[in-house]
Amino acid sequence: MKKCKLLSLLNSDAPLDNVLINGWVRTRRDSGGFSFIEINDGSCLKNAQIIADKNLPNYDDIKKISTGSAVTVSGDLVESKGGGQKWEIRAKKIDIISIAPDSYPLQKKRHTDEYLRTIAHLRPRTNKYGAAFRIRSDMSFAIHKFYKDIGFKYIHTPIITGSDCEGAGEMFKVTVMDLDKTSKSDGKTDFSSDFFGKAAKLTVSGQLSAEMFALALGDVYTFGPTFRAENSNTRKHAAEFWMLEPEIAFGDINDNMELGEETIKYLAGYALAECSDDLELFAKYVDNNLYKNLELIASSDFVRLPYEEAVKILAESGKKFEYEVSFGKDLQSEHEHFLAEEHFNKPVIVYNYPKSIKPFYMRVNDDGRTVAAMDILVPGIGELIGGSQREERLDVLESRMDESGLSKKDYWWYLDSRRFGTVPHSGFGLGFERLLMLVTGIKNIRDVIPFPRTPGSIEF
Ligand code: 4AD
Ligand code: MG
């Protein structure tokens with residue numbers, strides 16, 4: 001017997017003798033001396049139909065197999081006479097590994113996304129979530145493939161950090177101290193006796209570390225978990241999410257915009273080409289415009305729009321926004337959606353944002369009031385990418401740090417990179433879950449993360 005995955009069996013060109021497949025039962029029905037068992041092993045969307053003959057020695061037990069049970073089936077892959085599938089498996093032997101009781105929550109009926117979130121440990125066994133998490137796996141691979149093919153090196157940047165990249169005060173603390181017994185000076189906790197001898201946090205971005213490696217290995221990227229303690233309960237924010245962060249050595253803001261656009265186009269095209277079976281489910285049941293949107297993204301030239309022009313378009317749009325727009329105010333979700341969906345109906349790269357609303361590391365433009373920042377806004381998602389050219393001039397960087405109240409002493413190593421062999425460089429962060437929302441049409445970030453972490457929610 002040859003142990004097989006369902007995916008390879010169902011794609012077989014010819015019948016196969018003596019295959020072995022493990023899986024979980026979706027349904028079973030009995031008719032005319034046969035038991036028809038649908039099983040799935042998670043390798044693909046489609047189920048295998050198993051035909052169990054009443055002459056099998058354990059047929060009485062086979063008739064007790066319930067939805068959710070686990071079985072090992074040995075038999076032959078033969079052409080199916082029934083409609084609906086090309087192949088079926090004629091069982092020679094069925095080993096019952098475990099029988100699931102009737103209380104198994106995933107009986108064959110439709111469940112709401114909200115309910116399935118309460119059983120996140122079981123939801124990958126449904127068609128929809130199985131497909132979503134296979135796509136998540138494929139898209140992770142696609143990221144590595146794209147960057148390897150264009151010569152970027154993959155860097156592992158730390159999860160625990162002593163520095164705050166974005167300066168937005170949204171960091172989770174990492175400590176081994178007994179907070180009830182901690183000494184405080186001037187009302188501030190003294191972390192000198194803590195594990196690292198100073199305050200440690202979970203990283204919000206691997207960028208600062210990636211920059212150091214871009215200035216050594218050339219073009220690099222990091223792709224890993226990042227953490228933000230923003231108390232915003234929206235459909236697009238998670239407290240733990242994955243970010244892809246490429247850093248281009250000897251690259252300016254234009255190279256950065258180009259790479260961001262190429263990355264998104266490649267990934268949309270990859271999903272269409274390589275995830276077609278799973279994608280079909282989403283196009284059918286989740287978002288009828290999915291293929292159209294992905295094809296548009298994969299093929300259209302992204303709009304490039306200076307922030308000041310974006311503000312003008314918004315101000316003259318005649319639309320009533322909840323938040324008013326004017327130079328110096330950050331674009332809100334409603335503005336991003338208006339630009340990408342209603343006004344341009346394609347991805348838009350907004351660049352050259354006001355210096356006052358952006359972090360210290362972004363390169364100051366010659367006008368002195370804007371920085372070489374760029375965000376890529378995508379229809380249905382809003383901000384998918386945020387990035388910038390980095391400030392490579394030591395004196396300008398130091399004065400930006402002073403303005404932002406950052407300690408130059410703490411960032412001595414970051415400043416060193418501008419002392420020794422500094423070069424123009426740039427990069428961005430792409431929110432991986434937002435990419436998955438784009439690719440699947442799933443509307444809530446909680447449904448593309450295996451075990452989502454959001455405010456008030458740490459189950460599983
Ligand atoms: O725009 P952000 O904050 O950029 C940075 O962190 C830069 N240091 C990246 C860099 O230049 N290397 O975040 C980048 C992207 C956003 O555009 C968004 O897609 C995603 O990360 N993101 C989130 N995704 C899910 N939940 C959250 N709370 C997110 N915050 C940001
Ligand atoms: Mg951003």
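Throughout, numbering of the chain's residues begins at 1 and tracks the sequence. Read the numbers this way: they start at 1 and go in the same order the structure lists the ligands and their atoms.
- Not less than 6.0 angstrom separates the ring centroid of Phe191 from the ring centroid of Phe196.
- Remark: ligand 1 atoms within the under-4.0 Å shell around heavy atoms of Arg390 are 10 (C), 11 (O), 12 (N).
- Classification of Arg117 and Asp447 as a salt-bridged pair holds, one side-chain N sitting under 4.0 Å from a carboxylate O.
- Geometrically, ligand 1 and Met243 share no nitrogen or oxygen pair separated by less than 3.5 Å.
- Across Leu290, Asn289, Leu296, a single residue satisfies side chain to side chain contact (heavy atoms under 4.5 Å, CB included) together with Lys292, and that is Asn289.
- Ranking the protein heavy atoms by distance from atom 14 (C) of ligand 1 puts Gly429 O, 3.5 Å first.
- Nearest non-hydrogen protein atom to atom 28 (N) of ligand 1 is Glu230 OE2, 2.8 Å.
- Contacts between Ser388 and ligand 1, counted as non-hydrogen atom pairs separated by less than 4.0 Å, are absent for every part of the residue.
- Residue Leu384 approaches ligand 1 through these ligand atoms, each under 4.0 Å from one of its heavy atoms: 17 (O), 19 (O).
- Here the side chain of Lys173 pairs no donor or acceptor atom with the backbone of Met171 at under 3.5 angstrom.
- Taking only nitrogen or oxygen atoms, main chain and side chain alike, Ser205 reaches within less than 3.5 Å of ligand 1.
- The proximity of Ile385 to ligand 1, defined as any non-hydrogen pair under 4.0 Å, is limited to the backbone.
- Checked against a 6.0 Å centroid threshold, the rings of Phe338 and Phe321 count as neighbours.
- Phe360 and Tyr411 have their aromatic ring centers within a separation under 6.0 angstrom.
- Taking every non-hydrogen atom of Tyr361 and a distance limit under 4.0 Å, the qualifying atoms of ligand 1 come out as 7 (C), 8 (N).
- Summary of contacts: the protein heavy atom closest to atom 26 (N) of ligand 1 is Ala238 N, 3.0 Å.
- Closest to atom 17 (O) of ligand 1 by heavy atom, among Glu247, Glu383, His237, is Glu383.
- Between Tyr221 and His144, the distance separating the two ring centers is shorter than 6.0 angstrom.
- Close contacts between ligand 1 and Gly431 involve ligand atoms 15 (C), 19 (O), 20 (C), 21 (O) [criterion: under 4.0 Å to a heavy atom].
- Using modelled atom types, no side-chain atom of Arg363 and backbone atom of Ala373 make a donor-acceptor pair closer than 3.5 Å.
- The nearest heavy-atom contact from the protein to atom 22 (N) of ligand 1 is Phe241 CE1, 3.4 Å.
- Taking a cut-off of under 4.0 Å to the non-hydrogen atoms of Cys165, the atoms of ligand 1 that pass are 8 (N).
- Between the side chain of Asp194 and the main chain of Thr175, no donor-acceptor pair closer than 3.5 Å is present.
- Contacts between Arg434 and ligand 1, counted as non-hydrogen atom pairs separated by less than 4.0 Å, involve the side chain only.
- Of the options Glu170, Glu433, Lys236, the smallest heavy-atom separation from atom 25 (C) of ligand 1 is shown by Lys236.
- The atom name of the N/O/S atom in Glu383 closest to the Mg ion (ligand 2) is OE2.
- In this structure the side chain of Trp412 never reaches within 4.5 angstrom of the side chain of Arg419, judged on heavy atoms.
- Taking distance alone, with nitrogen or oxygen atoms compared against 3.5 Å, Val204 stays at or beyond that limit from ligand 1.
- Heavy-atom minimum distance, His237 versus Glu230: CD2-OE2, 3.3 Å.
- Those atoms of ligand 1 with a heavy atom of Glu245 less than 4.0 angstrom away are 8 (N), 9 (C), 10 (C), 12 (N).
- If you check which protein heavy atom lies closest to atom 4 (O) of ligand 1, you get Gly386 O, 3.9 Å.
- Using cut-offs of 30° and 60° for the angle between ring planes, the Tyr266 and Phe146 rings count as tilted.
- Atom numbering of ligand 1 starts at 1 in the shown order; those under 4.0 Å from a heavy atom of Ile445 are 25 (C).
- Among protein heavy atoms, atom 3 (O) of ligand 1 sits closest to Arg228 NH1, 2.8 Å.
- Under the 4.5 Å side-chain criterion, counting only non-hydrogen atoms from C-beta, Phe428 is not in contact with Ile376.
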